[in-house]
Student: 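Right, I'll just put the structure down here and ask away after.
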Amino acid sequence: MMQLLMMSVTGSVMILVIALLRVLLQNKLHRSVILALWFLAVLRLTVPLFPQSSASVYNVLPQQAPASVTVTQSVIVMPSSGAPVVYTDAPALSWQEILSILWLIGCVACVMFFTVVHIRARLRYRFAIPEEAPSYLGKAKLRRLEGLPSPLVYGLLRPTVLLPTEFPRKDSAEYEHVLRHELRHVRNGDLWYKLLLLLVTSLHWFNPFVWLMLYLASQDMEMRCDAQVVKELGAKKAYAQTLVHAEVGQLNHLVQTCFAFCATGRRIRALARAKTHLLRSVLVCVVTAALLLTCFATSRNPSDPTPIQQEEIPSVSQTTEPRTSVPSRATEPTTETTQTTQESSSETEPTTEPVTEPVTEPSTEAQPTETTPATEVYVQTEAQSQPTARTASFAIGSHEMLATQTRRFPMKLNFSHYTFYTDRPDCIDFDIRSCGLNEYEIIVRTYDTGTANIYAMDIHQLYWVGSITVYPSGETEELTFAEMNGDTPSITIPDATVPIP
Amino acid sequence: MHLTEAERKVMEVVWANGTMTAKAIAAELSERVQWSKTTSYTMVSRCVDKGYLVRKDPNYTCSAAYTREEVSHWETDELLENNFHGSADLLVASLVGQKKLNLKEVEKLYHLLQEVEDTP
């Protein structure tokens with residue numbers, strides 16, 4: 001959902017840029033070029049991943065602040081015995097979920113609207129009378145329909161040109177103009193392009209700029225066909241007269257293109273003033289496309305981690321151990337289920353006694369023990385299910401932040417299946433987000449001294465991801481971040497032996 | 001009274017063949033104008049509703065109410081029913097960049113025409 005919004009926003013900017021370009025240069029540019037640029041905007045609005053670019057404007061934007069969490073999905077309780085229990089709240093609807101539902105409703109309504117209009121139109125068209133088509137029409141069929149406001153062409157797979165009964169008269173000059181124009185639509189693939197635009201508009205129904213693009217691109221398609229026909233026949237003035245007659249002669253059945261009523265004034269003006277230059281147009285197109293692609297490439301270059309002191313990560317063996325007590329597998333770890341929370345309990349000081357409990361198979365259930373009165377609650381939301389989703393987390397209670405660190409680690413699994421949490425929320429809090437394929441970045445903010453482990457949990461298993469030790473000076477020593485893949489979960493949690501300095 | 005082109009096609013079939021069943025009309029029409037069976041039946045029933053055809057059951061037999069000559073004397077008084085003025089259509093039309101012109105705009109268009117010159 002957030003991704004869609006981001007795409008919508010950047011797409012809007014692109015649309016504005018293209019619209020501006022169009023206004024400034026329209027008489028010098030080939031319409032095909034402008035339509036190609038619109039296609040880029042369509043791509044930007046639909047395709048989530050674009051190549052990364054350090055020139056991306058995303059780098060300039062401030063980093064997304066952690067979402068203020070409104071949903072309590074799971075509360076990790078760290079009772080004094082060191083066995084965390086996961087309680088899950090009854091799921092309240094996050095504002096994001098509400099937004100997604102609203103968007104879906106709007107999208108479906110939009111699609112239904114377009115579909116209904118189209119169907120009604122086709123129902124009327126079935127009474128059309130076929131007519132003998134001239135040879136240049138090719139595969140397209142020709143029909144006449146009484147009471148039709150304007151000539152048009154419809155039918156993605158079997159294009160049919162539909163003419164009003166009265167106009168254009170067969171074997172008139174206008175006849176050829178109109179037919180060639182409609183034929184050009186078919187040949188250019190305008191019908192498919194229009195369908196694509198309608199789909200994108202349905203997806204981004206909330207965005208007025210996308211509707212603007214629909215409007216402008218439709219005009220561009222008409223103008224392109226005008227230019228092409230005039231080039232074929234060489235009769236500009238006569239064609240312009242046909243345009244006027246069609247308009248004056250007296251819908252929009254959407255995946256069709258109407259001859260008349262489409263900004264006829266602008267089309268005539270375009271014909272009059274067009275002085276397009278092919279080479280220049282292509283050049284402008286390529287330059288603009290390159291600019292747009294780099295500026296609006298999706299992902300930012302991930303910012304370099306800025307620890308307070310650059311430290312070499314101590315090389316540790318594969319099976320490095322977390323240093324504090326180890327949570328055993330919690331009861332009912334599925335964060336999707338709706339166990340009602342009983343109370344929010346506190347997280348107490350972790351014991352320094354080593355408690356080793358290999359977490360192998362889903363085994364014994366942890367016994368929640370008594371906890372000291374609540375001072376803090378660590379709340380963790382569930383990762384959202386899009387690739388760029390992040391877990392938002394925060395620790396209630398204000399500590400002064402000591403430092404921030406950023407680390408990356410590879411993860412081959414879909415991290416939206418996992419809930420991340422730490423056993424020392426008083427000590428650190430962190431954000432995890434994806435930064436490309438199979439790589440994740442964790443940004444850790446340290447608040448207090450101690451050693452904190454980071455765990456990931458899916459519905460089956462508990463995985464240890466890594467540890468960070470925070471020293472009083474604010475320096476941190478990162479022990480390791482395990483590589484998370486499907487084959488080797490870290491399931492052995494060895495002893496904690498190192499005391500906290 | 002005025003026959004639309006579609007209605008005329010139906011009537012021509014009946015005038016050519018005399019009284020016939022709707023099924024036969026539909027078969028003939030699908031050959032002549034490539035309408036589907038449903039469309040043909042709809043058209044036939046429209047003609048019946050408008051009084052051009054007289055329907056006799058049980059076979060849905062239709063016969064022409066007027067001869068061809070009588071029809072040709074009819075004047076076209078009424079404006080053509082234009083079925084395309086649904087408000088949704090207009091809305092959509094404006095959305096995709098199309099709208100009907102008023103008289104002033106038509107004048108402007110004609111002026112614009114002066115600007116257009118044929119390419120040499």
Side-chain angles (χ1 to χ4, degrees), chain A residues 113-114 116-117 120-121 124 126-130 141 143-150 165-166 194 197-198 201 211 214-222 230-231 234-241 243-244 247-248 250-254 257-258 260-266 268-269 271-273, chain B residues 2-10 12 29-43 46-47 76 79-120:
Chain A
F113 173 68
F114 288 153
V116 160
V117 171
R120 275 166 39 134
R124 291 185 199 120
R126 61 190 168 134
F127 299 118
I129 317 265
K141 293 191 291 229
R143 288 174 165 229
R144 294 258 182 195
L145 186 57
E146 200 142 354
L148 192 69
S150 156
T165 319
E166 319 81 31
K194 208 146 194 193
L197 286 174
L198 290 172
T201 308
W211 290 93
L214 179 65
Y215 178 87
L216 292 178
S218 302
Q219 280 187 20
D220 287 332
M221 287 193 260
E222 296 299 325
V230 163
K231 190 153 168 241
K236 235 195 228 184
K237 187 143 191 164
Y239 185 83
Q241 278 174 339
L243 277 184
V244 177
E247 185 92 16
V248 175
Q250 182 128 102
L251 258 98
N252 313 320
H253 316 278
L254 299 181
T257 59
C258 279
F261 308 139
C262 183
T264 308
R266 292 214 197 99
I268 296 183
R269 231 177 269 131
L271 276 181
R273 301 179 187 165
Chain B
H2 174 83
L3 284 185
T4 66
E5 281 305 309
E7 290 159 353
R8 187 173 285 275
K9 291 291 177 195
V10 174
E12 277 174 7
L29 282 174
S30 68
E31 266 185 50
R32 288 198 190 191
V33 285
Q34 293 136 40
W35 288 347
S36 68
K37 280 270 171 67
T38 345
T39 311
S40 305
Y41 273 108
T42 312
M43 222 43 232
R46 273 202 204 168
C47 289
T76 313
L79 288 172
L80 275 179
E81 253 179 54
N82 195 332
N83 295 325
F84 296 90
H85 286 315
S87 54
D89 293 341
L90 286 180
L91 170 66
V92 167
S94 58
L95 288 174
V96 294
Q98 310 180 359
K99 64 179 176 63
K100 288 189 97 114
L101 300 178
N102 62 30
L103 214 52
K104 212 159 53 116
E105 289 164 329
V106 169
E107 277 180 20
K108 266 207 296 197
L109 271 188
Y110 275 110
H111 282 312
L112 274 177
L113 266 186
Q114 315 294 336
E115 246 186 75
V116 180
E117 275 166 15
D118 275 318
T119 39

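Labels below follow one simple rule: chain letters A, B, ... track the order of the sequence lines, proteins then strands, and each chain is numbered from 1.
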Student: Quick one: list whatever passes salt bridge (Lys or Arg N to Asp or Glu O under 4.0 Å) with A:Arg126, sequence neighbours left out.
Tutor: none
Student: A:Arg144: what forms a salt bridge (Lys or Arg N to Asp or Glu O under 4.0 Å) with it, not counting sequence neighbours?
Tutor: A:Glu131
Student: Less than 4.5 Å to any heavy atom of chain B: does that hold for the side chain of A:Ala128, its backbone, both, or neither?
Tutor: backbone
Student: List the atom of B:Val33, the atom of A:Arg143, and the distance in Å for their closest heavy-atom pair.
Tutor: O-NH2, 4.0 Å
Student: How long is the span from the CG atom in A:Leu145 to the OG1 atom in B:Thr4, to the nearest 0.5 Å?
Tutor: 9.0 Å
Student: Hey, does A:Glu146 have a side-chain heavy atom less than 4.5 Å from the side chain of B:Glu7?
Tutor: no
Student: Taking the side chain as C-beta and beyond, is there a heavy-atom pair between B:Glu5 and A:Phe127 under 4.5 Å?
Tutor: no
